[in-house]
*Asks:* 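Shown below is the structure under consideration.
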Amino acid sequence: LWPAAVVHAAVLLIALSRTGLGLAVLMLGLLTIWRGSRIAMAIAGVGISVAMVVYPVVDPGFVAAGDALGATGQYVSRGESSETMWTLTGRTELWQAVWTSIAESPIVGFGYHVASSDGVLDVWGRPAVRTAHNLLLHILASTGLVGLGLFAFGLIRPIRRAVVALRRADPGRRLRPLVVVVGGWYFGWSLLSESFMGPLQPESVCFFAILGLAVAQTCERS
């Protein structure tokens, strides 16, 4: 676990993926609260409280804290303005263009992984082949209402049954934390990207492998 944590943390920092890094921090925090040692969390809480009392004595001007916050802000913004950050780095402009494209073929879309009639969206200063950067919007643009309905039926039904099985089955007790944490990560990731519905990528394989493990619990019960 520890060598993997070091390597994965370094990769996240090098990749400059703000969404991935933010989701990792959020899910690890929730996992720590949910599964962590209560004694360790109490010790950490006391340590943070003591540090907050002692720090103003050591650095009355909060110079070191200001430098750290400034470096963190530069890393997160990557040189982009606050206006660009409020538009989710231009995603709102992209989503508006995708909605306009959807109106041209709302029933069947334009084909899997294609967000417009010619596959090109003219946003961010130049036309290029782009995805919708949102899971449901990408499915709606590429496969229309027909594809979105099939997607909902094909995914919600097995997930609903798997949730029931994981709550009751004994083997599900070990699988449940993994499904909850990874499912939460995919939910956040899907808000700003096509997630597992894009090309064959590691996140696609991981999602359907974990979904298969969860669905297997329903097969064991039947």
Side-chain angles (χ1 to χ4, degrees), residues 15-24 26-27 77-78 80-166 179-216 218:
L16 292 175
S17 174
R18 291 169 294 196
T19 304
L21 183 61
L23 287 172
L26 176 62
M27 298 313 300
S77 65
R78 295 193 302 199
E80 297 174 341
S81 64
S82 57
E83 291 79 7
T84 302
M85 295 292 292
W86 276 110
T87 63
L88 300 176
T89 62
R91 281 181 173 83
T92 54
E93 179 186 352
L94 172 63
W95 291 340
Q96 184 176 1
V98 172
W99 272 114
T100 303
S101 178
I102 289 173
E104 299 176 11
S105 181
I107 305 301
V108 296
F110 303 103
Y112 184 71
H113 208 50
V114 179
S116 65
S117 57
D118 57 358
V120 175
L121 291 172
D122 189 1
V123 293
W124 303 335
R126 63 183 180 88
V129 177
R130 308 183 192 278
T131 66
H133 281 64
N134 177 275
L135 176 66
L136 294 181
L137 194 60
H138 188 66
I139 294 172
L140 183 59
S142 58
T143 62
L145 292 172
V146 173
L148 184 62
L150 292 173
F151 170 82
F153 177 80
L155 197 61
I156 293 176
R157 185 169 182 268
I159 287 180
R160 181 177 58 83
R161 294 189 61 188
V163 168
V164 175
L166 286 171
V179 173
V180 171
V181 173
V182 176
W185 187 90
Y186 273 103
F187 176 79
W189 186 251
S190 298
L191 296 177
L192 300 176
S193 75
E194 69 276 13
S195 190
F196 58 86
M197 288 302 291
L200 185 60
Q201 298 184 101
E203 56 262 40
S204 305
V205 177
C206 180
F207 175 84
F208 287 106
I210 294 177
L211 177 62
L213 291 173
V215 170
T218 66

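Worth saying up front: this structure is predicted, and the values here are computed from it rather than measured. Note that the numbering runs from 1 along the sequence shown for the chain.
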*Asks:* CZ of Phe187 to CG of Leu135: how many Å apart, nearest 0.5 Å?
*Replies:* 10.5 Å
*Asks:* For residues 94-106, pull every pair meeting side-chain hydrogen bond (donor to acceptor under 3.5 Å, both in side chains), keeping only residues two or more places apart or in separate chains.
*Replies:* none
*Asks:* When you measure from the side chain of Ser195 to the backbone of Met197, do you find a donor-acceptor pair of N or O atoms at a distance under 3.5 Å?
*Replies:* no
*Asks:* Measure the OG1-CH2 distance between Thr19 and Trp189 for me, rounded to the nearest 0.5 Å.
*Replies:* 6.0 Å
*Asks:* Main chain of Ile139, side chain of Tyr112: is a donor-acceptor contact present, judged purely on distance under 3.5 Å?
*Replies:*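 Pair absent, no side-chain N/O of Tyr112 close to backbone of Ile139.
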*Asks:* Do you know which two heavy atoms are closest between Ser204 and Pro199, and how far apart they sit?
*Replies:*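 That closest heavy-atom pairing would be OG-O, 3.2 Å.
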*Asks:* Any idea which heavy atoms bring Ala162 and Ala214 closest together, and the distance?
*Replies:* CB-O, 3.6 Å
*Asks:* Between Phe208 and Phe196, what is the ring plane arrangement, given parallel below 30°, perpendicular above 60°, and tilted in between?
*Replies:* perpendicular
*Asks:* Can you name the nearest heavy-atom pair linking Val114 to Gly119, along with the distance?
*Replies:* CG1-CA, 3.7 Å
*Asks:* Working to the nearest 0.5 Å, report the span between OG of Ser116 and CD1 of Ile102.
*Replies:*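 Here the rounded value is 11.0 Å.
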*Asks:* Can you give each donor-acceptor pair under 3.5 Å made by side-chain atoms of residues 125-134, sequence neighbours left out, with the distance rounded to 0.1 Å?
*Replies:*
residue	atom	partner	partner atom	Å
Arg130	NH2	Val123	O	3.2
Arg130	NH2	Arg126	O	3.0
Thr131	OG1	His133	ND1	3.2
Thr131	OG1	Glu194	OE1	3.0
His133	ND1	Thr131	O	3.2
Asn134	OD1	Leu136	N	3.3
Asn134	OD1	Leu137	N	3.0
Asn134	ND2	Leu191	O	3.0

*Asks:* Looking at Cys206 and Tyr186, what are the two nearest heavy atoms and their distance?
*Replies:* CB-OH, 3.5 Å
*Asks:* Determine, step by step, whether Val108 and Thr143 satisfy the side-chain contact (heavy atoms from CB on, under 4.5 Å) criterion, reporting the C-alpha distance in whole Å, the side-chain angles of both residues, the deciding distance to 0.1 Å, and the verdict.
*Replies:* CA-CA 5 Å; Val108 296; Thr143 62; over 6 Å; no
*Asks:* In Å, rounded to the nearest 0.5 Å, how long is the span from CZ of Phe151 to CD1 of Ile156?
*Replies:*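 Atom-to-atom, Phe151:CZ and Ile156:CD1 are 8.0 Å apart.
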*Asks:* If you round to the nearest 0.5 Å, how far is CG of Leu150 from CG of Leu145?
*Replies:*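 Result: 11.0 Å between the selected atoms.
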*Asks:* With rounding to the nearest 0.5 angstrom, report the CG to CZ distance, Leu211 to Phe207.
*Replies:* 5.0 Å
*Asks:* Minimum heavy-atom separation for Pro158 to Val215, with atom names?
*Replies:* CB-CG2, 4.0 Å
